[in-house]
Asks: 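Here it is, the structure, as structure tokens.
Just follow the structure's listing: the first ligand is 1, and inside any ligand the first atom is 1.
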Amino acid sequence: MHDFYSDTQTRPSRAMREACLDAPVGDEQGGHDPTTRALEERAAALLGKEDAVFLPSGTMANQIALMVHCRPGDQVICERQAHLIFAEGGGPAANAGVILHPVEPVHGIFTPEQVAEAINPPSRYAPRSRLLSIEQTANLAGGAVWPVATLDAVCEVAHAHGLATHMDGARLLNAAVASGLPARDHAAGFDSVWLDLSKGLGCPVGAVLAGSREFIHEAWQHKQRLGGAMRQSGILAAMGLYALEHNIDRLAEDHALAREIGQRLSQMPAVAGLSPVESNIVILDLAEAAGPAPKVAERLAERDVRVSVMGKRIRVVTHMDVGRQDAEALYGAFDALV
Ligand SMILES: *Cc1c(COP(=O)(O)O)cnc(C)c1O
């Protein structure tokens, strides 16, 4: 199978698996797992924050951040297609009791003016505007990379109005590699930020949420409450440390392949257009002649090529388990559509 479904489809490499064998472990709930602690410290340094906490998933990182920053009834400003809105099982409402205010972006990015407009002035009628949340990269906008200057500018508006700021950094390291600027520069304006280990970095499990010491102290209470506190999690954290050591720079290869895929596919009769390719995600508009997206995905699957369907569009994601041969199979399968 040539699997372009998502960068979540990577399987841990042999070297990554071997990294767990000798990892010292203990009970992380008591703070006694040295490997987990090493991962947290490394991630905090990478993100330029005081402290960090290891979590089972990025979804839990988002949920915990909402619960620490907000109280029930508060308003959270985020992009219309944010993961918070469409893919967390209604968690923002169920767990944090917040109301989400969707902002319409251009290719995943919105402006400081839009943030200012979305903020409610203090009033007994409107929900209290409490948090600005942005995705770096913007997943459903085709992995669009927020420029650091824009990140700084939206955070400045939020802070000026007393809001906290949160970065969903599921693919922050893709943004760092694509922009050539370190992750901590992207995260500088944010009170909380996390990165996913189980996407392009190639780990089977895990995310790391970072912020001030006080923020992480509170985050721990929610981690425990949600059942996210583990025991000898150093086995997983060792793979995370391996990924931070070995799998960041190579994201550039995923980006180069995604760019090539965008260029090649955009010349095919089955494809009507595509979102700008800025990292490892390619989102395609189909030509009428190609047929509906679910049917296209089926026909590609007959040739062992797996992609994902997003409404009327097709998403192709590059990652460490797809390469040249897989791209050739993708081109062949697209060519055969029309
Ligand atoms: C994948 C993803 C998440 C959730 O991360 P999980 O580790 O799958 O729970 C959150 N936000 C974005 C933008 C994502 O792509």
Side-chain angles (χ1 to χ4, degrees), residues 4-12 39 43 47 52-67 76 78-92 94-96 100 102-103 105 107-110 131-146 151 165-176 178 183 186-187 190 192-210 219 222-223 226-228 230 233 236-237 239-240 243-244 247 251 254 258 275 278-283 308 310 315-319:
F4 295 93
Y5 180 80
S6 171
D7 46 12
T8 55
Q9 302 304 298
T10 55
R11 293 186 169 81
L39 174 65
L47 298 169
V53 57
F54 183 46
L55 296 169
S57 73
T59 300
M60 192 182 284
N62 272 340
Q63 293 302 312
I64 288 177
L66 293 180
M67 288 187 283
V76 176
C78 63
E79 186 211 327
R80 181 176 64 79
Q81 298 194 92
H83 196 274
L84 283 178
I85 292 184
F86 77 90
E88 302 194 3
N95 294 321
L100 297 173
V103 175
H107 292 310
I109 315 293
F110 48 84
L131 182 69
L132 170 69
S133 177
I134 77 101
E135 280 180 21
Q136 181 71 309
T137 65
N139 180 2
L140 292 197
V145 179
W146 284 73
L151 292 172
T165 53
H166 172 68
M167 175 183 279
D168 170 340
R171 296 185 181 81
L172 168 56
L173 294 175
N174 291 86
H186 295 252
F190 292 85
S192 54
V193 51
W194 61 272
L195 53 85
D196 213 323
L197 299 167
S198 73
K199 302 248 161 109
L201 292 177
C203 292
V205 179
V208 191
L209 173 66
H222 292 285
K223 166 168 159 149
L226 292 173
M230 296 173 271
S233 55
L236 300 171
M239 292 195 248
L244 295 183
N247 292 349
L251 292 171
D254 298 344
S275 307
E278 298 180 12
S279 55
N280 69 326
I281 301 178
V282 184
I283 294 184
S308 63
M310 286 176 36
R315 188 181 77 159
V316 175
V317 184
T318 57
H319 52 79

Asks: Regarding H83 and E88, is there a side-chain donor-to-acceptor distance under 3.5 Å anywhere?
Replies: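 Note: H83 and E88 side chains meet the donor-acceptor criterion.
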Asks: Quick check: R171 and ligand 1, any N/O pair under 3.5 Å apart?
Replies: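 Yes, there is a polar N/O contact under 3.5 Å.
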Asks: To the nearest 0.1 Å, how far is atom 5 (O) of ligand 1 from its closest protein heavy atom, and which atom is that?
Replies: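 Of the protein heavy atoms, D196 OD2, 3.0 Å lies nearest.
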Asks: Examine G58 against ligand 1 and note whether any of their N/O atoms are separated by less than 3.5 Å.
Replies: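 Yes, there is a polar N/O contact under 3.5 Å.
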Asks: Atom CG of D254 and atom CG of N280: how far apart are they, to the nearest 0.5 Å?
Replies: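 D254 CG to N280 CG: 6.0 Å, rounded to 0.5 Å.
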Asks: Does K199, backbone or side chain, put an N or O under 3.5 Å from an N or O of ligand 1?
Replies: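 Yes; at least one N/O pair falls below 3.5 Å.
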Asks: Within a distance under 4.0 Å of any heavy atom of E135, pick out the atoms of ligand 1 and give their elements.
Replies: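 Atoms satisfying the 4.0 Å criterion: 13 (C).
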Asks: If we only count heavy atoms from C-beta on, is the P56 to M230 side-chain gap below 4.5 Å?
Replies: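 Yes - at least one pair of side-chain heavy atoms lies under 4.5 Å apart.
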Asks: State, with a plain yes or no, whether a side-chain heavy atom of N62 is found less than 4.5 Å away from one of W194.
Replies: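 Side-chain contact under 4.5 Å: yes.
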Asks: What protein heavy atom sits nearest atom 9 (O) of ligand 1, and how far off is it?
Replies: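 It is T59 OG1, 2.6 Å.
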Asks: Starting from atom 11 (N) of ligand 1, find the nearest protein heavy-atom neighbour and note its residue, name and distance.
Replies: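 For atom 11 (N) of ligand 1, the nearest protein heavy atom comes out as D168 OD2, 2.5 Å.
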Asks: If we only count N/O pairs under 3.5 Å, is T137 in contact with ligand 1?
Replies: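 Between T137 and ligand 1, no N or O pair is found under 3.5 Å apart.
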Asks: Would you say the ring centers of F110 and W146 fall short of 6.0 Å from each other?
Replies: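 They qualify: ring centres under 6.0 Å apart.
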Asks: Between the side chains of S192 and H166, does any donor sit under 3.5 Å from an acceptor?
Replies: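 Present: a donor and an acceptor within the cut-off.
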Asks: Is any side-chain heavy atom of Q81 closer than 4.5 Å to one of N139?
Replies: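 With C-beta onward as the side chain, the pair stays apart.
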Asks: Looking only at distances, please establish whether an N/O atom of ligand 1 is found under 3.5 Å from an N/O atom of W194.
Replies: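 No, no N or O pair falls under 3.5 Å.
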